[in-house]
Amino acid sequence: MTPKAVYWDMDGTLIDSEPLHEKALRTVLTSLGITPPPDLHDRVVGIAAVPVYEMMRDELGLKLSFDDWILRKYVYYMEHVASLKPRGGAVEVYRDLWAQGTPQAVVSNSDRLIVEANLRVIGIDRPGMKSVTRNDVRLGKPDPEPFLRAAWLTGVDPAETFVVEDSHAGATAGVAAGMNTLFWPQQPGDEAPAGAILISSLEELRGHLRLD
């Protein structure tokens, strides 16, 4: 099936930013005298800021308010964002789809501040670009609302769209939205959520998007 629209996750899918998000979290926790758990990455990847904050408050003893915590995290992130690189081959796929006229949107659990900074770093921000951030919806991924909003913005039937995701939360949201969901994880051997299609290589991704 040729996609009528493609919706991209940002962190970990278009840009290799998950390590910086984790480093920012660890830095803030360490500065407060809290030892980050060894499985921090697995527990927060693809998850929106509020559930991450609640986990740190309830399980790790974080005393800061949400606003103070997120400010500290974002200050660290923005100080280092210029060092980030696109995920290998992802931006080329995005540009190839754009060149052939396929509608696209970026759909992220991050705040708009972070999404727009990331888009500038990888050089795909442009006037009229469609994006859905955590600030634009009531519920973030794994709820389908962000992807359904993208379908509304592009005016395409969800069943005729494709989602590209690297996290279980995101892929679960794409499946729940009734979209063809391509699960392209960073870690080899990571199994796809039920209903999603596991993508093991850039060549497979291009094939499913009819770019081969």
Side-chain angles (χ1 to χ4, degrees), residues 1-18 46 84-112 114-137 140-186 190 192-193 195-212:
M1 171 182 161
T2 299
K4 297 291 182 64
V6 177
Y7 308 137
W8 295 85
D9 173 56
M10 170 58 75
D11 296 296
T13 301
L14 278 171
I15 189 170
D16 190 16
S17 55
E18 294 293 0
L84 294 179
K85 304 296 182 184
R87 184 173 179 182
V91 168
E92 289 75 12
V93 173
Y94 180 94
R95 288 177 173 154
D96 287 346
L97 289 167
W98 180 75
Q100 70 181 23
T102 302
Q104 297 180 89
V106 171
V107 182
S108 176
N109 259 354
S110 290
D111 286 345
R112 182 159 295 281
I114 299 299
V115 171
E116 291 183 350
N118 286 346
L119 289 173
R120 286 192 295 272
V121 167
I122 60 177
I124 61 172
D125 57 327
R126 66 178 191 277
M129 182 174 190
K130 293 178 173 61
S131 61
V132 179
T133 73
R134 186 62 186 86
N135 306 115
D136 303 318
V137 293
K141 308 170 195 175
D143 192 271
E145 183 184 355
F147 285 118
L148 293 175
R149 180 168 177 80
W152 178 80
L153 288 173
T154 56
V156 180
D157 183 337
E160 298 182 305
T161 68
F162 278 68
V163 163
V164 186
E165 273 281 358
D166 76 306
S167 75
H168 279 253
T172 298
V175 172
M179 298 174 177
N180 301 280
T181 302
L182 306 180
F183 179 57
W184 189 30
Q186 292 270 5
D190 199 354
I197 300 168
L198 178 64
I199 300 297
S200 301
S201 68
L202 182 62
E203 291 70 26
E204 283 187 27
L205 177 65
R206 296 185 65 89
H208 279 282
L209 296 177
R210 298 297 186 265
L211 289 172
D212 54 346

Would you give the length of the straight line joining atom [atom1] of [X] to atom [atom2] of [Y], rounded to the nearest 0.5 angstrom?
X    : Y    : atom1 : atom2 : value
N109 : D143 : CG    : CG    : 10.0 Å
L119 : R112 : CG    : CZ    : 9.0 Å
D111 : R134 : CG    : CZ    : 8.5 Å
L205 : S200 : CG    : OG    : 11.0 Å
D125 : E116 : CG    : CD    : 8.5 Å

When you measure from the side chain of [X] to the backbone of [Y], do you find a donor-acceptor pair of N or O atoms at a distance under 3.5 Å?
X    : Y    : result
D136 : T133 : yes
Q104 : Y94  : yes
K141 : V107 : yes
N180 : T161 : yes

Check: [Y] and [X] side chains under 4.5 Å, non-hydrogen atoms:
X    : Y    : result
W8   : L97  : yes
S17  : N118 : yes
L209 : L182 : yes
I15  : M10  : yes
V93  : L202 : yes
D16  : Q186 : yes
K4   : D157 : no
W184 : H208 : no

- Item | Worked check of salt bridge (Lys or Arg N to Asp or Glu O under 4.0 Å) between R87 and D166 | CA-CA 11 Å; R87 184 173 179 182; D166 76 306; 5.3 Å; no
- Might you work through the side-chain contact (heavy atoms from CB on, under 4.5 Å) test for E165 and F147, ending with a clear yes or no? CA-CA 11 Å; E165 273 281 358; F147 285 118; 3.4 Å; yes
Show the nearest heavy-atom pair for residues [X] and [Y], with the distance to one decimal.
X    : Y    : result
T102 : A5   : CG2-CA, 4.0 Å
L211 : Q100 : CD2-OE1, 3.6 Å
G174 : V163 : CA-CG2, 4.2 Å
P193 : T172 : CB-OG1, 3.9 Å
S167 : G170 : OG-N, 3.0 Å
A171 : F183 : CB-CD1, 3.9 Å

Pairs under 3.5 angstrom only: tabulate donor-acceptor contacts from the side chains of residues 148-156 to other protein residues two or more places apart or in another chain.
{"unit_1": "T154", "atom_1": "OG1", "unit_2": "Y7", "atom_2": "OH", "d": "2.6"}
{"unit_1": "T154", "atom_1": "OG1", "unit_2": "A150", "atom_2": "O", "d": "3.0"}
{"unit_1": "T154", "atom_1": "OG1", "unit_2": "A151", "atom_2": "O", "d": "3.3"}

